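We're numbering straight along the sequence, starting at 1. On a predicted model such as this, the values are computed, not experimentally measured, just so you know.
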Amino acid sequence: MDQLLKEIGDFFNQNPKGFFAFVVFIFGVILFGFGKKAPVLRLFLGDKSVFFQLFWGAIISLIGIALIYLFR
């Protein structure tokens, strides 16, 4: 477990792009899962529909995962 935490810490310290990708992924997950509770996030994207909340949350999360994979 300590080795895993050390590798994660090294990843963020040595690769600032990876940290940005992680933030994008977390934003997508928050939008996907908690958009109903955080309407400001949904209004930021210009919609009020739950379908689009799930759609944009999934798209942003997938972009974050792709960036994490790209910058690893």
message: Test of understanding: with ring-ring contact (aromatic ring centres under 6.0 Å, His included), list the residues that count as partners of Phe19, not counting sequence neighbours.
response: Phe12
query: About how many Å separate CG of Leu67 and CG of Leu62, when rounded to the nearest 0.5 Å?
result: 11.0 Å
- prompt: Pairs in or reaching into residues 59-70: which pass side chain to side chain donor-acceptor pair (under 3.5 Å), with residues at least two apart or in two chains?
  reply: Tyr69-Arg72
query: In chain order, what residues pass the ring-ring contact (aromatic ring centres under 6.0 Å, His included) check against Phe25, with sequence neighbours excluded?
result: none
field: Atom of Ile63, atom of Val24 and distance for their closest heavy-atom approach
entry: CG2-CG1, 4.4 Å
